[in-house]
Amino acid sequence: MRDDELSAELLAWYDIHARELPWRVGPAARKAGERPDPYRVWLSEVMLQQTTVAAVKDYFHRFTTLWPDVGALAAAEDARVMGEWAGLGYYARARNLLKCARAVAADHGGRFPDSRAALLALPGIGPYTAAAIAAIAFDRPETVVDGNVERVMSRLFAVETPLPTAKPDLTALAARLTPPERPGDHAQAVMDLGATICTPRNPACGICPWRAPCLARAEGIAAALPRKLPKTPKPTRLGRAYLGRRTDGAWLLERRPETGLLGGMLGWPGSDWAETEPFSAPPAEADWRPLGAEVRHTFTHFHLRLDLWVVDLPVDCIPDRGQFLAPAAFRPSDLPTVMRKAFDLARPAFDPPGNARG
DNA sequence: TAATCGTGGAA
DNA sequence: TTTCCAAGATT
């Protein structure tokens with residue numbers, strides 16, 4: 001089957017089976033001339049990096065409600081945006097999201113550039129996202145290569161070279177199939193196919209529009225592709241976190257450094273996290289007590305066990321680290337998940353604010 | 001180049 | 001319980 005015939009089969013499938021997504025203009029409306037808002041395409045693509053559609057939907061709705069366009073987002077306060085991103089993970093995305101919005105506002109007149117090269121120059125926009133925005137929002141004939149595309153191509157052409165070694169070959173194969181017409185719909189079609197039919201574990205080959213030409217299906221190895229290099233095991237790191245609350249109800253929190261793990265996010269003061277029990281001084285002089293409970297959390301490349309210590313602090317407390325946040329200014333939902341877990345565990349150890357202990 | 005960087009759901 | 005995985009980018 002010729003490349004253009006493969007593309008035609010896929011687009012015909014997409015016309016019927018396209019997923020309906022909040023940031024998407026479906027094939028029918030697209031054919032009628034409607035185009036998606038580049039801002040919404042960009043925002044969704046950044047949120048979707050290494051993140052499931054299900055996890056993104058609520059965040060996308062909240063962000064577009066709070067900040068309907070790139071100018072509004074560019075004008076937002078850093079802490080507000082980081083707080084809204086909390087829980088979604090990979091927080092460099094949020095930091096770069098703001099940098100990108102401000103660059104678009106300042107250097108591009110508030111409009112996203114429409115070429116892959118110009119998009120690629122913006123913060124947080126890499127090869128995949130640049131191609132996706134160019135193709136989906138501006139209908140440029142660019143080829144997107146995400147995890148779905150890698151999987152679909154590796155199966156369609158029975159590429160047995162493991163990832164990431166195979167990536168250049170898979171990219172070339174994907175580029176071959178990118179049609180000059182409807183490149184945006186084509187990009188979304190390949191990803192929809194990967195997400196709904198050509199899934200990682202149990203591909204539904206029987207209802208796949210590419211079941212006839214698929215080489216991996218013919219060889220009976222579809223579910224085994226793409227092959228991947230073995231992953232290194234995750235070590236366990238230990239750490240300590242201090243949850244202090246002033247008697248007026250204000251919590252002692254700190255803004256983490258811009259770079260590194262949970263960079264730019266709010267968190268509880270504490271030790272570094274290392275494979276040996278790290279020494280740490282409390283963020284304020286007080287009679288800290290061990291909570292007797294620990295947070296267990298797994299990051300991308302290590303497991304963490306976080307030992308929790310708590311204390312009530314006087315209203316005239318001057319901390320060595322961090323700052324007090326009044327109850328009205330503190331939303332637990334602003335915390336990254338590991339820090340919110342700590343809060344959820346420690347919160348019952350504190351009396352209602354203002355009440356005498358007894 | 002290889003390591004770093006989150007989270008939650010599914011199997 | 002553990003592993004795998006999801007519309008990757010950055011350094």
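What you are looking at is a predicted structure, and each value in this text was computed from that prediction instead of being measured. Letters A, B, ... mirror the listed sequences (proteins, then strands); counts begin at 1.
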> Cluster question for you: counting only ILVMFWY and a side-chain heavy-atom cut-off of under 4.5 Å, with indirect links fine, are A:Leu122 and A:Leu43 together?
Replying inline: yes
>> Closer than 4.0 angstrom, basic N to acidic O: yes or no for A:Glu294 and A:Arg296?
In response: yes
>> Please tell me whether A:Met47 and A:Val25 are part of a single hydrophobic cluster in this structure, the criterion being side-chain heavy atoms less than 4.5 Å apart.
In response: no
>> Below 4.0 angstrom, which residues in residues 196-203 of chain A have at least one non-hydrogen atom near DNA chain C?
In response: A:Pro200, A:Arg201
>> What contact category does A:Thr300 fall into here, base, sugar-phosphate, or nothing, at under 4.0 angstrom with non-hydrogen atoms?
In response: base
>> As a quick check of understanding, evaluate side chain to side chain donor-acceptor pair (under 3.5 Å) for A:Gln49 and A:Tyr128, giving each step before the final call.
In response: CA-CA 9 Å; A:Gln49 291 166 7; A:Tyr128 163 77; over 6 Å; no
> A:Phe324 and A:Met265: same hydrophobic cluster, using ILVMFWY side-chain contacts below 4.5 Å?
Replying inline: no
>> Are A:Trp268 and A:Tyr242 an aromatic pair, judged by ring center distance below 6.0 Å?
In response: no
> First and last nucleotide of DNA chain C touching chain A, 5' to 3', heavy-atom cut-off 4.0 Å?
Replying inline: C:dC4 to C:dT10
> Going through the checks in order, is the ring pair (Phe, Tyr, Trp, His ring centres under 6.0 Å) test met by A:Phe299 and A:His297?
Replying inline: CA-CA 7 Å; A:Phe299 292 99; A:His297 190 77; 4.8 Å; yes
> Using 4.0 Å as the upper bound for N to carboxylate O, is an ion pair formed by A:Asp334 and A:Arg331?
Replying inline: yes
> Taking NZ, NE, NH1 and NH2 as the nitrogens, is one of them in A:Glu275 or A:Arg237 under 4.0 Å from a carboxylate oxygen of the other?
Replying inline: no
>> Filter on side-chain hydrogen bond (donor to acceptor under 3.5 Å, both in side chains), then keep only pairs touching residues 101-113 of chain A, sequence neighbours left out; what's left?
In response: A:Asp78-A:Arg102
>> Does A:Asp272 have more than 12 heavy atoms from other residues, nucleotides or ligands lying within 6.0 Å of its CG?
In response: no
>> I'd like to know if A:Arg24 pairs up with A:Asp192 as an ion pair, taking the criterion as any Lys NZ or Arg NE/NH1/NH2 lying under 4.0 Å from an Asp or Glu carboxylate oxygen.
In response: yes
> Which of residues 150-174 of chain A have a heavy atom under 4.0 Å from DNA chain B?
Replying inline: none
> Among pairs that include at least one residue of residues 12-31 of chain A, which meet ring-ring contact (aromatic ring centres under 6.0 Å, His included), considering only residues two or more places apart or in two chains?
Replying inline: A:Trp13-A:His17, A:Trp23-A:Phe60
> What about A:Trp67 and A:Tyr39, are their ring centers closer than 6.0 Å?
Replying inline: no
>> Going by the rule side chain to side chain donor-acceptor pair (under 3.5 Å), which residues pair with A:Arg40 if we only count those two or more places apart in sequence or in a different chain?
In response: none
> Which whole number of Å gives the distance between the C1' atom of C:dA7 and that of B:dA3?
Replying inline: 22 Å
>> Near DNA chain B, counting only heavy atoms under 4.0 Å, which residues of residues 110-136 of chain A show up?
In response: none
> Between which nucleotides of DNA chain B, read 5' to 3', does contact with chain A run, using atoms under 4.0 Å from its heavy atoms?
Replying inline: B:dT4 to B:dA11
> For A:Phe343 and A:Phe330, what are the C-alpha separation, side-chain angles and deciding distance, and is it a ring pair (Phe, Tyr, Trp, His ring centres under 6.0 Å)?
Replying inline: CA-CA 12 Å; A:Phe343 176 76; A:Phe330 171 52; 5.4 Å; yes
> Considering residues, nucleotides and ligands other than A:Asp320, do more than 12 of their heavy atoms fall under 6.0 Å from its CG?
Replying inline: yes
> Among residues 14-28 of chain A, which residues get a heavy atom nearer than 4.0 Å to DNA chain C?
Replying inline: A:Arg19, A:Leu21, A:Trp23, A:Arg24
> How would you list all residue pairs meeting side-chain hydrogen bond (donor to acceptor under 3.5 Å, both in side chains) that involve residues 132-158 of chain A, not counting sequence neighbours?
Replying inline: A:Arg30-A:Asp139, A:Asp114-A:Arg140, A:Thr143-A:Thr178, A:Asp146-A:Asn148, A:Asn148-A:Arg151, A:Glu150-A:Lys167
>> I'd like the P distance from B:dG8 over to C:dA9, given in whole Å.
In response: 22 Å
>> Ring-plane angle category for A:Phe112 and A:Trp42, please: parallel below 30°, perpendicular beyond 60°, tilted otherwise.
In response: tilted
> With hydrophobic residues grouped by side-chain heavy-atom distances under 4.5 Å, do A:Met1 and A:Leu193 end up in a single group?
Replying inline: yes
> Do you know the tightest heavy-atom contact between A:Gly270 and A:Ser280?
Replying inline: C-CB, 4.4 Å
> Is the number of heavy atoms from other residues, nucleotides or ligands under 6.0 Å of A:Glu285 CD greater than 12?
Replying inline: no
>> Near DNA chain C, counting only heavy atoms under 4.0 Å, which residues of residues 31-52 of chain A show up?
In response: A:Glu45, A:Leu48, A:Gln49, A:Gln50, A:Thr52
> Do A:Trp85 and A:Tyr90 pass the ring pair (Phe, Tyr, Trp, His ring centres under 6.0 Å) test, and can you show the C-alpha distance, the side-chain angles, and the key distance before you say yes or no?
Replying inline: CA-CA 9 Å; A:Trp85 196 277; A:Tyr90 284 147; over 10 Å; no
> Does any residue of residues 254-276 of chain A have a heavy atom under 4.0 Å from DNA chain C, and if so, which ones, in number order?
Replying inline: none
